[in-house]
Amino acid sequence: MTLQLYNTLTREKEPFKPLSKERVTMYVCGPTVYNYIHIGNARVFVFFDVVRRYLQYRGFDVTYVQNFTDVDDRLIRAAAEEGTTVPELAERYIRAYFEDMDALGVQRADVHPRATEHIPGMVEGISRLIEKGYAYERDGDVYYRALRKDDYGKLSHQSVEELKSGARVEVDEKKENPLDFALWKKTKPGEEIAWDSPWGKGRPGWHIECSAMVKQYLGDTIDIHAGGTDLCFPHHENEIAQSEAWTGKPFASYWLHNGYMNMGSEKMSKSLGNIVRVKELREEYNPRALRYFLLSAHYRNPISFSDESIRQMESGLERFDTATVNLSHRLETALQGEAAPEVMARLDELTRNFETAMDDDLNTANAISVLFEAVHFANELVSQSVVPKGSLEKTMEWIQRYGGEILGLVEDPGDQSLEAEIESLIEERQQARKNKDFQRADAIRDELAERGILLEDTPQGVRWRKK
RNA sequence: GGCGGCAUAGCCAAGUGGUAAGGCAGAGGACUGCAAAUCCUUUAUCCCCGGUUCGAAUCCGGGUGCCGCCUCCA
C-alpha cells in the first residue's frame, strides 16, 4: 500500500511519489495576520499538522514551510483603524496565532517566513517575469500577463473564457486583460509601509510572496502545496502561473485543498461575519476536543460547527483519557511478562487498519475509528484478571503512538501523584469500606469528586482520575 | 451562465458494486456494598423516481433540497 492523495490539479487520487525518496517538501499557505484566526482557519493548520506527522511516521524527512502574510490591504486598513503600525499589528497577531496553535497541539513548521522579510526575492521574481514577457509595468504597478501561457486556469479547472464571463473580475483600466493580476502595487498616498523597487515605491501583491518563499526555502518544484479550498482560485492559480513562468519548471506535484467550516449550512468566513474564534473557543472547550472535531470528518468534506458537536467530541475524548489512565493504573500491579502473541497480532492488525485509513487520502475519520478500536482492546485487557505487563505496555505504546504522536488526540497520562491530604482521604475511605462504613466512604468519594478527583474501585485497588 | 460538492440512525460521521465502520446520546443486562469505569446486547426502508446488474448507499438517467468556486477569505 502506498499513500494516495487527491490532487486538485488532476481531480484524481494519485499514488504519492515525492521527488526525492526520503525527503518531502511541503508548503501550506498561512494566515494573513490582521486579526485572530477562527475555527475554520484552524482546520487547515490542524489537518496539515497531522499530514506532516503521518509523512514523518512513514519515514519521510519532511520540510514544512508555512508563511505569514504580514502586509496587504487588510493589514494596512486594520492598522489604521487601531491606530497602530502594520508591523506592530502583524507581530501581535502572529503571537496570537502561535498561542492558538499551541493550544490545538499544532507543531511549528520548520520555517515560518514572513512576506515582509522576503521583498528582495519577490522583486527579483517580478523582474524576471518582466524580462521574460510575462509581466508589464504600468505607472508604478506591475501586472502578471495571465493569458501569456495557455494553461492559465488549470488548477481551478476554469477555462479562460469561463473566467472572463464570470464577469466578477475586478475591472482595472491599467490591466491589459481583466484576468491579469498585480505583482507589485504602487504606494498610495498616506501609506507608510513601502519598499523601493525598480518600479518605484510600493509593496508586493498577494500571490508573489508564496512563489518567492517557496522558491527560496523549498526549491523550484515542491511535493505538496496546500491550503483551504478558497485559495484554489485565484491565489493558487496565480501562484502556479507566475512560478512556472518564472522558473520554467512545474511548481508543485500535489495540490491539496481543505473543505470549509460551515456555520449552519453556510461557509464560515470573515466577510460573512459568521466566525467563531479559536481564542474564545479554547476557553470554553477542551482544545483537544476542537482538534478532534476538526479531524472527525474527511478533510475534503465540509464540517458544520455546532456546540453540540464539540460537546460530543469532549465526551469521546474522555474515552481516550480514561483508557490511558486505566492502562497505567493496571500497569502498576501487573505481573512481569512479555506481551502475549495474540496481543501483538491484534496491535499489528490495528496498525495496518490505521495505515490503510491514512493511506487512503488521509482519512482521519477512519483513523480515529481505529483508535477507538484500540481503546476498546485496551479496556478489555485492563479488565482481565491476569495480564502480563508487556501486553499492557505494548497497547499503551500503540495508543500513544497513533493517537498521540500522529493524531495528537491522546495525551500521556504522565506521573500521577496526589497531594498527601488527598492520599490520606483515599486511605481513610479504604479503611471505612473495610469496616463497612459505607456512609463515610461515600462521603469521602463525593467530597473528592467535588474537588475533581474521581475514585473508582477495581480488583487492583482504588483507581482515580481527574475530571 | 460555467465548474464542483453534499444529502447515510436522535446527533456527528466512514463506506463509491456483494445485503451498512466508528463515536456521542438512549434502552436493557453483567460487574460493584452503592457507584464509576468497563464489557455484552440493542437502535438505519442509506433524499425521491426510473434504469443497468445475479447483486447498488455505492454505477447510469431524471427529480427534489442544500452548499461552494468563478471577488477578499483557510
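Each chain gets a letter, A, B and so on, in the order its sequence line appears, and its residues count up from 1. Excluded from the calculations below are hydrogen atoms, water molecules and symmetry mates; all remaining heavy atoms, backbone and side chain alike, are included. Because the structure is predicted, anything quoted here is derived from the model rather than measured.
Nucleotides B:C69 and B:C60, compared at atom P, are 26 Å apart to the nearest Å. Using C1' as the reference atom, B:A21 and B:A9 are 14 Å apart when rounded to the nearest Å. Atom P of B:U16 sits at a distance of 23 Å from the matching atom of B:C54, rounded to the whole Å. Straight-line distance between the P atoms of B:C6 and B:C47: roughly 13 Å, to the nearest whole Å. Comparing B:A20 with B:G15, their C1' atoms sit 8 Å apart, to the nearest whole Å. Separating the P atom of B:A30 from that of B:G22 is a span of 24 Å, rounded to the nearest Å. If you take atom P in B:A57 and the same atom in B:U52, they sit 16 Å apart, rounded to whole Å. Spacing between B:G63 and B:G28 at atom C1', rounded to whole Å, works out to 43 Å.
At most 12 heavy atoms of other shown residues, nucleotides or ligands fall within 6.0 angstrom of atom NZ in A:Lys466. Heavy-atom contacts from other residues, nucleotides or ligands closer than 6.0 Å to NZ of A:Lys267 number more than 12.
The base of B:C72 lies close enough to the side chain of A:Ser271 for a donor and an acceptor atom to sit less than 3.5 Å apart. Side-chain atoms of A:Arg445 stay outside donor-acceptor range of the base of B:A36, with no qualifying N/O pair under 3.5 Å. Side-chain atoms of A:Lys270 stay outside donor-acceptor range of the base of B:C72, with no qualifying N/O pair under 3.5 Å. No hydrogens or angles were tested; on distance alone, nothing pairs the side chain of A:Asp230 with the base of B:C70 as donor and acceptor under 3.5 Å. One can find a donor-acceptor pair under 3.5 Å joining the base of B:G33 and the side-chain atoms of A:Arg433. For A:Asn366 against B:G15, no side-chain N or O and base N or O form a donor-acceptor pair under 3.5 Å.
With ring centers used as reference points, A:Tyr93 lies 6.0 Å or more from A:Tyr34. Taking the six-membered ring for Trp and the full ring otherwise, the centers of A:Phe181 and A:Tyr143 sit at least 6.0 Å from each other. In summary, the aromatic rings of A:Phe98 and A:Phe68 are positioned with their centroids under 6.0 Å apart. Taking the centre of each ring, A:Phe293 and A:Tyr285 stay at or above the 6.0 Å mark.
The existence of a salt bridge linking A:Arg53 and A:Glu405 is excluded, since no basic side-chain nitrogen approaches an acidic carboxylate oxygen closer than 4.0 Å. Salt bridge absent: A:Lys279 and A:Glu99 never bring a charged side-chain N and a carboxylate O closer than 4.0 Å. One finds a salt bridge joining A:Lys13 and A:Asp360 here, because a Lys/Arg side-chain nitrogen approaches an Asp/Glu carboxylate oxygen to under 4.0 Å. Salt bridge status for A:Asp321 with A:Arg465: absent, with no side-chain N to carboxylate O gap under 4.0 Å.
Distance A:Lys434 NZ to B:C34 P: 19 Å, rounded to the nearest Å. Distance A:His298 NE2 to B:G23 C1': 18 Å, rounded to the nearest Å. Here B:U8 presents its C1' atom at 13 Å from CG of A:Asn301, a figure rounded to the nearest Å. Between the NZ atom of A:Lys267 and the C1' atom of B:A74 there is a distance of 8 Å, rounded to whole Å. When the P atom of B:C70 is taken as reference, atom NZ of A:Lys154 falls 20 Å away, rounded to whole Å. We find that OH of A:Tyr292 is positioned 5 Å from C1' of B:G23, with the value rounded to whole Å. With rounding to whole Å, A:Gln384 atom CD is found 21 Å from B:A37 atom P. Going from atom CG of A:Leu295 over to atom P of B:A74 covers 19 Å, rounded to whole Å.
Using a 4.0 Å heavy-atom cutoff across all strands shown, A:Ser315 reaches sugar-phosphate atoms only and no base atom. When heavy atoms are screened at a 4.0 angstrom cut-off, A:Leu454 is found touching no nucleic acid atom at all. A:Phe438 comes within 4.0 angstrom of a base, heavy atoms only. Among the heavy atoms of the strands lying under 4.0 Å from A:Arg429 is at least one base atom, whether or not backbone atoms are also near. Note on A:Gly316: only backbone sugar-phosphate atoms sit closer than 4.0 angstrom, heavy atoms only; bases stay farther off.
Sorted by residue number, the members of residues 66-79 of chain A with any non-hydrogen atom under 4.0 Å from RNA chain B read A:Arg74.
Judged by closest nucleotide on RNA chain B, A:Ser156 is the one of A:Ser156 and A:Lys436 placed further toward the 5' end. Sequence order on RNA chain B of the closest nucleotides to A:Ile368 and A:Asn41 puts A:Ile368 first from the 5' end.
Checking the phosphate oxygens (OP1, OP2) of B:A36, no side-chain nitrogen or oxygen of A:Arg465 falls inside 4.0 Å. For B:A36, the OP1/OP2 oxygens have no side-chain nitrogen or oxygen of A:Asn326 closer than 4.0 Å. Here A:His235 does not reach the OP1 or OP2 of B:C73: none of its side-chain N or O atoms lies under 4.0 Å away.
Remark: B:G1 base-pairs with B:C70; criterion is Watson-Crick or G-U wobble with both hydrogen-bond distances under 3.5 Å. Searching all strands for a Watson-Crick or G-U wobble partner of B:A27 with both distances below 3.5 Å returns B:U41. Across all strands shown, nothing is found opposite B:U32 as a Watson-Crick or G-U wobble partner with both distances under 3.5 Å. Under the Watson-Crick or G-U wobble criterion, with both distances below 3.5 Å, B:G65 is paired with B:C6. Across all strands shown, B:U16 has no partner, as no Watson-Crick or G-U wobble contact with both distances under 3.5 Å is found.
Distance from the side chain of A:Ala297 is smallest for B:A13 among the nucleotides B:U38, B:A13, B:C67. Between B:A36, B:G4, B:C39, one nucleotide has an atom nearer to the side chain of A:Glu456 than all others, and that is B:A36. Picking from B:A74, B:U38, B:C3 the nucleotide with the shortest atom distance to the side chain of A:Arg11 gives B:C3. Listed nucleotides B:A25, B:A36, B:G23 differ in distance to A:Arg463; the shortest reach to its side chain belongs to B:A36. Candidate nucleotides B:G22, B:C34, B:A74 were compared by shortest atom distance to the side chain of A:Asp457, and B:C34 ranks first. Comparing B:A37, B:A74, B:C70 against the side chain of A:His38 picks out B:A74 as the nearest. Residue A:Asn363 places its side chain closer to B:A14 than to any other of B:C39, B:A37, B:A14.
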Please enumerate all protein N or O atoms sitting under 3.5 Å from an N or O of nucleotides 10-12 of chain B, with distances to 0.1 Å.
| from | atom 1 | to | atom 2 | distance (Å) |
| --- | --- | --- | --- | --- |
| B:C11 | O2' | A:Glu308 | OE2 | 3.4 |
| B:C11 | O2' | A:Gln312 | NE2 | 3.2 |
| B:C11 | O2 | A:Gln312 | OE1 | 3.3 |
| B:C11 | O2 | A:Gln312 | NE2 | 3.1 |

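Rounded to the nearest 0.5 Å, atoms CG (A:Asn238) and OH (A:Tyr144) are 8.5 Å apart. Rounded to the nearest 0.5 angstrom, A:Phe320 CZ and A:Leu407 CG are separated by 8.0 Å. Taken to the nearest 0.5 Å, the CH2 atom of A:Trp255 stands 5.0 Å off from the CD atom of A:Glu239.
Side-chain contact between A:Phe48 and A:Gln66: absent, with no pair of heavy atoms (C-beta onward) separated by less than 4.5 Å.
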